[in-house]
Amino acid sequence: MRKGTILGLIAALTIVSSAAGTKMYLDAKQEDNMQCVIHASRESYTLDESIEEADAVAEIQIDGIVKEVGSDGFPQTVHKAKVLNVYKGNLEEEIEVLQDGTVKMPISDNPIFEKGEKYILAMKKATANPECKGTYWILKEYFVSGNQVIETLPADGLTSEEEDIKTYESRRSWNKAMVEKEAELPYDSEIINKSELVEVIEGKE
């Protein structure tokens, strides 16, 4: 066999090996980035029930993810949050909030919180899981933008049906953040007035 032929075969094998290696690497990267959506049912609370059951109700701002827990059970995410306003209970300036699902394994009907987002949460202290001691789990949640809010946990009844709270019927009256958040939710939702919601919450104290 000629030397040129041998060198040609070596070069061809090198290209094939390199291509195979690249495909394996890309497949592995794709596996790393895969998202598994969880479909799960959870207990639903009315606004009144959530306020009554809650240890605290507050407006908070998400500061980032602390950790993900539940590798041997149900996946959950612990978020660090800054407390902006307290409507019920006593809270430190910073708390940790426990949300079902993770970035790679979100709950199908509840988008994972993002840094900088603001929420009004009805919360209860988490006591069962030692991994989450000192955190708060969520009974009811509302995404906040300006003076508009949208409930981001599905419920049997809409908040405006329970109380005399104004809704923003026309999509043209929603602010940009509300339009984007509403588009993420796979269920019927409503944009309601934050000030009126807060009045109702404080009136339950």
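Position 1 is the first residue of the sequence, and the numbers go up from there.
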**Message:** If the condition is salt bridge (Lys or Arg N to Asp or Glu O under 4.0 Å), which residues does Lys194 pass it with, not counting sequence neighbours?
**Reply:** Glu59
**Prompt:** Is there any ring-ring contact (aromatic ring centres under 6.0 Å, His included) pair reaching into residues 146-198, and which pairs are they, with sequence neighbours excluded?
**Reply:** none
**Item:** Which residues share a salt bridge (Lys or Arg N to Asp or Glu O under 4.0 Å) with Glu114, sequence neighbours left out
**Value:** none
**Message:** Tell me if a side-chain donor or acceptor on Thr46 pairs with a main-chain N or O of Glu49 at a distance below 3.5 Å.
**Reply:** yes
**Request:** Would you indicate whether Lys118, at its atom NZ, is surrounded by more than 12 heavy atoms from other residues, nucleotides or ligands within a distance under 6.0 Å?
**Result:** no
**Message:** Restricting to salt bridge (Lys or Arg N to Asp or Glu O under 4.0 Å), what partner residues turn up for Glu96, sequence neighbours left out?
**Reply:** none
**Message:** Surrounding CD of Glu184 (heavy atoms of other residues, nucleotides or ligands, distance under 6.0 Å), is the total greater than 12?
**Reply:** yes
**Prompt:** Would you call Glu182 and Arg171 a salt bridge, taking side-chain N to carboxylate O under 4.0 Å as the test?
**Reply:** yes
**Request:** Find out whether the Lys NZ or Arg CZ of Lys125 is both under 6.0 angstrom from the six-membered ring centre of Tyr136 and within 45° of the ring's axis.
**Result:** no
**Message:** Any donor-acceptor pair under 3.5 Å linking the side-chain atoms of Glu190 with those of Ser160?
**Reply:** yes
**Fill in**
Contacts satisfying salt bridge (charged side-chain N to carboxylate O under 4.0 Å, His left out) that involve residues 134-147 (not counting sequence neighbours) are Lys140-Glu151
**Asked** Taking only residues two or more places apart in sequence, or in another chain, which ones meet Arg172 in a salt bridge (Lys or Arg N to Asp or Glu O under 4.0 Å)?
**Response** none
**Cationic N near anionic O, under 4.0 Å, Lys82 to Glu92** = no
